[in-house]
K.L.:
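Quick one: the structure is below, questions incoming.
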Amino acid sequence: MNKVFRYLLQLAAFATFAVFVGYFSSSPAFEYARAEAAVVKLSLSHAAERVAPCVLLTPEEVAALAPNMRRSEKCERERVPLVIEMDVDGQNVLSIQAQPSGLWGDGPASVYHRFDLPPGQYRMQVRLRDSARADGWDYTLTENVTLTAGRYRTITFKAESGGFKLQ
């Protein structure tokens, strides 16, 4: 095949690819949120308590373990699921039980939910249970919020920082 013809075919292939990428980089237009709506996002990843409490090993039990496996307590790996509820103006908008991740159910549970709301004043309440208790909540956040059209508000959670935070 002629060298010039090969270069022209390569140029045509690259130009076609560049036009394809250029078109789809700007079209169709993507809209993150409706301009007239406000968005609230609940996003968290948290490891709940273990299903069973850790057990202190006796010195004899520790000595019976291989040298590289010696530790003072034995802990089950599995964790309880997270229970999360969210109310907006007293109306329940979310009620879930998030299972822990991992092969043995020993990792953090992750939650992401997005709520599109009309702009205005709202009273938001978020509750989380990360223990084995049957009722009640370990962490709560109740806050009056003003939502603005086209703006995002995020609810995050960090137990070491005291719980929920609305940003």
Side-chain angles (χ1 to χ4, degrees), residues 20-58 61-62 65 69 71-167:
F20 178 79
V21 169
Y23 173 76
F24 284 109
S25 68
S26 62
S27 294
F30 181 76
E31 191 175 283
Y32 291 99
R34 296 189 329 260
E36 68 276 359
V39 178
V40 176
K41 295 179 180 183
L42 173 66
S43 178
L44 64 98
S45 184
H46 176 63
E49 288 183 359
R50 298 178 189 277
V51 171
C54 296
V55 177
L56 233 60
L57 298 176
T58 65
E61 290 172 324
V62 172
L65 295 171
M69 300 294 288
R71 60 192 177 282
S72 61
E73 53 184 28
K74 180 181 177 187
C75 298
E76 293 293 325
R77 295 178 75 154
E78 190 177 358
R79 296 185 179 274
V80 298
L82 289 180
V83 178
I84 302 168
E85 289 186 0
M86 182 172 168
D87 297 344
V88 176
D89 285 342
Q91 182 180 356
N92 187 276
V93 294
L94 178 69
S95 182
I96 60 170
Q97 189 172 20
Q99 298 300 320
S101 62
L103 189 57
W104 290 279
D106 59 344
S110 296
V111 174
Y112 175 82
H113 281 278
R114 174 186 163 136
F115 306 94
D116 290 347
L117 299 168
Q121 287 273 90
Y122 294 96
R123 181 169 180 80
M124 295 192 173
Q125 185 176 39
V126 187
R127 301 174 293 278
L128 180 138
R129 182 180 317 124
D130 67 350
S131 62
R133 66 202 261 178
D135 60 345
W137 302 98
D138 298 311
Y139 299 93
T140 60
L141 170 73
T142 303
E143 200 164 314
N144 292 323
V145 180
T146 302
L147 299 178
T148 310
R151 302 290 303 201
Y152 287 83
R153 298 296 299 263
T154 305
I155 300 171
T156 58
F157 179 84
K158 288 198 190 278
E160 53 275 358
S161 299
F164 289 105
K165 186 175 182 183
L166 182 64
Q167 302 170 339

K.L.:
Test salt bridge (Lys or Arg N to Asp or Glu O under 4.0 Å) on D87 and R123; report intermediate values, then the result.
P.N.:
CA-CA 8 Å; D87 297 344; R123 181 169 180 80; over 6 Å; no

K.L.:
Check for a donor-acceptor pair, side chain of R129 on one end and backbone N or O of R127 on the other, with a separation under 3.5 Å.
P.N.:
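Pair absent, no side-chain N/O of R129 close to backbone of R127.
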
K.L.:
Checking E49 now: which residues fulfil side-chain contact (heavy atoms from CB on, under 4.5 Å) with it, not counting sequence neighbours?
P.N.:
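With neighbours one apart ignored, the set is S131.
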
K.L.:
Testing M86, K41, M124 for side-chain contact (heavy atoms from CB on, under 4.5 Å) with F115, which one passes?
P.N.:
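Testing F115 for a side-chain contact (heavy atoms from CB on, under 4.5 Å) against M86, K41, M124 leaves exactly one candidate, M86.
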
K.L.:
From L65 CG over to L57 CG, what is the distance, rounded to the nearest 0.5 angstrom?
P.N.:
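That separation rounds to 6.5 Å.
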
K.L.:
Can you check side-chain contact (heavy atoms from CB on, under 4.5 Å) on L42 and I84, steps first, answer last?
P.N.:
CA-CA 10 Å; L42 173 66; I84 302 168; 4.1 Å; yes

K.L.:
Is there a side-chain contact (heavy atoms from CB on, under 4.5 Å) between V126 and T140? Walk through the geometry before answering.
P.N.:
CA-CA 6 Å; V126 187; T140 60; over 6 Å; no

K.L.:
With sequence neighbours excluded, tell me which residues meet side-chain hydrogen bond (donor to acceptor under 3.5 Å, both in side chains) with T142.
P.N.:
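Result, side-chain hydrogen bond (donor to acceptor under 3.5 Å, both in side chains) vs T142: Q125.
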
K.L.:
Check whether any side-chain heavy atom of V83 lies under 4.5 Å from a side-chain heavy atom of W137, and answer yes or no.
P.N.:
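They are in side-chain contact.
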
K.L.:
Could you go through residues 100-114 and list every donor-acceptor pair under 3.5 Å that involves a side-chain atom there, pairing it with any protein atom two or more places apart or in another chain?
P.N.:
residue: S101; atom: OG; partner: P108; partner atom: O; Å: 2.7
residue: D106; atom: OD2; partner: R77; partner atom: NE; Å: 3.2
residue: D106; atom: OD2; partner: R77; partner atom: NH2; Å: 3.0
residue: S110; atom: OG; partner: S45; partner atom: OG; Å: 3.1
residue: R114; atom: NE; partner: D116; partner atom: OD1; Å: 3.3
residue: R114; atom: NH1; partner: Y32; partner atom: O; Å: 3.3
residue: R114; atom: NH2; partner: Y32; partner atom: O; Å: 2.8

K.L.:
Could you state the interatomic distance from CG (D130) to CG (D138), rounded to the nearest 0.5 Å?
P.N.:
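Output value for this atom pair is 4.5 Å.
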
K.L.:
Hey, could you give me the CG/CD distance between L94 and E85, rounded to the nearest 0.5 Å?
P.N.:
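Reported to 0.5 Å precision, the distance equals 8.5 Å.
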
K.L.:
For A48 versus V80, what's the shortest heavy-atom pair and its separation?
P.N.:
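Reported closest heavy-atom pair: CB-O, 3.2 Å.
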
K.L.:
Strictly distance-based, threshold 3.5 Å: is any side-chain N or O of S27 a donor or acceptor partner for the main-chain N or O of F24?
P.N.:
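No, because the side chain of S27 does not come within donor-acceptor range (under 3.5 Å) of the backbone of F24.
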
K.L.:
I need the minimum non-hydrogen distance between R79 and R50, along with the two atoms involved.
P.N.:
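In this case the closest contact between R79 and R50 is NH2-NH2, 3.6 Å.
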
K.L.:
Above 12 or not: heavy atoms from other molecules or residues under 6.0 Å from CD of E61?
P.N.:
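More than 12 heavy atoms, drawn from other residues, nucleotides or ligands, come within 6.0 Å of this atom.
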
K.L.:
For E36, look at atom CD and say whether over 12 heavy atoms of other residues, nucleotides or ligands are found less than 6.0 Å away.
P.N.:
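Buried by this count: over 12 neighbours within 6.0 Å.
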
K.L.:
Could you list the residues that satisfy side-chain contact (heavy atoms from CB on, under 4.5 Å) with Q99, not counting sequence neighbours?
P.N.:
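Per chain and number, Q99 pairs via side-chain contact (heavy atoms from CB on, under 4.5 Å) with P81, Q97.
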
K.L.:
Looking at every heavy atom in both L166 and E143, which two are closest together, and how far apart are they?
P.N.:
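Looking at all heavy atoms of both residues, the closest pair is CD2-OE2, 3.6 Å.
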
K.L.:
Can you give me every donor-acceptor pair (side chain of residues 146-165, partner residue at least two apart or in another chain, under 3.5 Å) with its distance?
P.N.:
residue: T146; atom: OG1; partner: Q121; partner atom: OE1; Å: 2.0
residue: R153; atom: NE; partner: Q167; partner atom: O; Å: 3.2

K.L.:
Considering only residues two or more places apart or on different chains, which pairs with a residue in residues 71-118 satisfy disulfide bond (SG atoms under 2.5 Å apart)?
P.N.:
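Disulfide bond (SG atoms under 2.5 Å apart) check on residues 71-118 returns C54-C75.
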
K.L.:
Test side-chain contact (heavy atoms from CB on, under 4.5 Å) on L117 and Y122 and set out the steps.
P.N.:
CA-CA 10 Å; L117 299 168; Y122 294 96; 3.9 Å; yes

